[in-house]
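Report on the structure given below.
Computed over heavy atoms, backbone and side chain alike; hydrogens, waters and symmetry mates excluded.
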Amino acid sequence: MESGMKKKSRTAVQKKENEMFHVIHKVPSGDGPYVRAKHAQLVEKDPEAAIVWFWKAINTGDRVDSALKDMAVVMKQLDRAEEAIEAIKSFRFLCPRNSQESLDNVLFDLYKKCGKVDEQILLLKHKLKMIYLGEAFNGKPTKTARSHGKKFQVSVKQETSRILGNLAWAYMQKSNFVAAEVVYSKAQMIDPDANKALNLCHCLIKQSRFEEANLVLRDVLQYNLPGSDDFKSRNRAFELSLELDQTNRHDPFPLNIPGLCFEDDFTKALDRVMNEWAPTRSRRLPIFEEISQFRNQLAC
């Protein structure tokens, strides 16, 4: 009887130790290929073996969406981002609909890693279209996000501003400062912050619109925007201020700015409805209420 009790006690201890192992190493329980892939990735620190097991998980239908996302992350770490892009494009059809948004987020990071700016722009416009259709966040008004190990809630409004900011940044990488300025301006109307303001200022300087640039910069220098007290933002604000002071403000407006005619229909649609923000009337953001007329421009 005593021996049986000791055996049960040892079994209970082993079970608890196994549970603690999975918690500490953030490895799911089980013995399928996905679990083995995570064990290779997180415990054995063997990314190549992890990729092999992730492929087995995808091919056998074992948590395909998680396997595909995690494999892409590991491939990115091994400088195999191009391969990860092809994997997501080829196998995302196997994943449920509610995982497509997170796959897009992984794909966007891969495009950034590879310097594929045009692909970033297309994907960001697609994400804006999903918000317009009410399909972002799986139709919910908020989603739970993670940053530095902490969870927080993100609203559709905040997400829209973030995507517009990323879209504007992508245009800046193409030296299309007119397009970037337009999109940054819209993002600031939704959810203003110092970082986007500084980028907007930079775009205006590149167009020799110095007075407007000064007005935008003043909001940061006077701490009128969230993030104005950030150390990096302060340094950049002073650099832009110095650049403005050293610039000849009587320079003519440059005539050869790339992207001078920036998707007129798209921006006009944004202009007409930016002042109609009313999330209670529709799941779709009002800034996108009329964009369906310009679907071709969104796909440009």
Side-chain angles (χ1 to χ4, degrees), residues 64-66 68-69 72 85 87-112 116-146 151-171 176 179-180 182-193 196 262-300:
V64 177
D65 53 334
S66 296
L68 189 55
K69 286 182 286 187
I85 290 170
I88 290 178
K89 286 182 175 181
S90 299
F91 293 93
R92 66 183 305 167
F93 75 95
L94 297 173
C95 304
R97 185 175 179 180
N98 60 11
S99 67
Q100 297 301 318
E101 188 175 348
S102 57
L103 283 169
D104 281 339
N105 293 335
V106 175
L107 198 55
F108 180 73
D109 287 339
L110 292 168
Y111 285 151
K112 287 177 69 176
K116 294 179 177 289
V117 180
D118 289 333
E119 287 81 354
Q120 291 175 47
I121 291 173
L122 285 174
L123 183 54
L124 290 166
K125 287 186 175 182
H126 168 73
K127 291 174 77 67
L128 290 173
K129 183 178 177 181
M130 291 300 101
I131 292 176
Y132 154 72
L133 293 174
E135 295 181 7
F137 299 1
N138 296 312
K140 298 177 182 177
T142 63
K143 73 172 181 178
T144 301
R146 290 181 178 84
K151 293 182 180 180
F152 57 96
Q153 291 296 307
V154 176
S155 68
V156 174
K157 180 178 177 180
Q158 291 170 320
E159 180 71 356
T160 303
S161 180
R162 186 187 70 82
I163 293 172
L164 287 170
N166 284 336
L167 179 59
W169 177 257
Y171 280 124
N176 191 338
V182 170
V183 181
Y184 272 130
S185 296
K186 306 310 174 188
Q188 286 294 81
M189 292 173 72
I190 299 172
D191 190 29
D193 64 47
K196 291 195 292 288
F262 163 60
E263 301 182 37
D264 291 337
D265 288 339
F266 178 64
T267 53
K268 286 176 184 176
L270 290 176
D271 284 333
R272 284 198 298 271
V273 290
M274 278 301 295
N275 61 347
E276 296 179 16
W277 191 279
T280 56
R281 290 207 304 258
S282 169
R283 284 191 309 172
R284 302 185 305 191
L285 295 184
I287 62 168
F288 299 113
E289 289 292 336
E290 298 182 29
I291 293 181
S292 58
Q293 304 172 42
F294 309 116
R295 208 160 282 180
N296 290 335
Q297 281 74 22
L298 279 171
C300 291

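Counting non-hydrogen atoms of neighbouring residues, nucleotides and ligands closer than 6.0 angstrom, the NZ atom of Lys143 exceeds 12 such neighbours.
Counting all heavy atoms, side chain and backbone alike, Ser99 lies closest to Pro96 at OG-O, 2.7 Å. Closest non-hydrogen pair, Gln120 versus Ala170, comes out as OE1-CB, 4.4 Å. Scanning both residues, Ala187 and Gly165, for their nearest heavy atoms gives CB-N, 4.2 Å.
Atoms CD1 and CG, from Ile88 and Asp65 in turn, are 11.5 Å apart once rounded to the nearest 0.5 Å. To the nearest 0.5 Å, atom CG of residue Leu164 and atom CE of residue Met189 are 11.0 Å apart. A distance of 10.0 Å separates NE2 in His126 from CD1 in Ile163, rounded to the nearest 0.5 Å. Annotation: the span from Phe108 atom CZ to Leu122 atom CG amounts to 12.0 Å, rounded to 0.5 Å. The NZ atom of Lys112 sits 9.0 Å away from atom CH2 of Trp169, with the distance rounded to the nearest 0.5 Å.
Under the rule for a side chain to side chain donor-acceptor pair (under 3.5 Å), the partners of Asp104 that lie at least two apart in sequence or sit in another chain are Arg92.
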Discussion item. Applying salt bridge (charged side-chain N to carboxylate O under 4.0 Å, His left out) to Lys196 and Asp193, what does each step give before you reach the verdict?
Written reply: CA-CA 6 Å; Lys196 291 195 292 288; Asp193 64 47; 2.5 Å; yes

Worksheet item: Run the side chain to side chain contact (heavy atoms under 4.5 Å, CB included) check on Tyr111 and Ile85 step by step: do they pass?
Response: CA-CA 8 Å; Tyr111 285 151; Ile85 290 170; 3.8 Å; yes

Practice prompt. Using the salt bridge (charged side-chain N to carboxylate O under 4.0 Å, His left out) rule, take Lys129 and Glu135 through it: C-alpha gap first, then chi angles, then the decisive distance, then the call.
Written response: CA-CA 9 Å; Lys129 183 178 177 181; Glu135 295 181 7; over 6 Å; no

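Between Ser161 and the choices Ile190, Val156, Asn166, the side chain to side chain contact (heavy atoms under 4.5 Å, CB included) rule is met once, by Ile190. Of the candidates Leu124, Asn176, Leu167, Val183 forms a side chain to side chain contact (heavy atoms under 4.5 Å, CB included) with just one, namely Leu167.
Proximity of a side-chain donor or acceptor of Glu159 to a complementary backbone N or O of Thr142 within less than 3.5 Å is not detected. Listed for the Gln100 side chain is no donor-acceptor partner under 3.5 Å among the backbone atoms of Arg97.
In summary, the side chains of Lys69 and Asn105 do not present any donor paired with an acceptor at a separation below 3.5 Å, with no hydrogens or angles considered.
Tyr171 places a side-chain heavy atom less than 4.5 Å from the side chain of Ile121.
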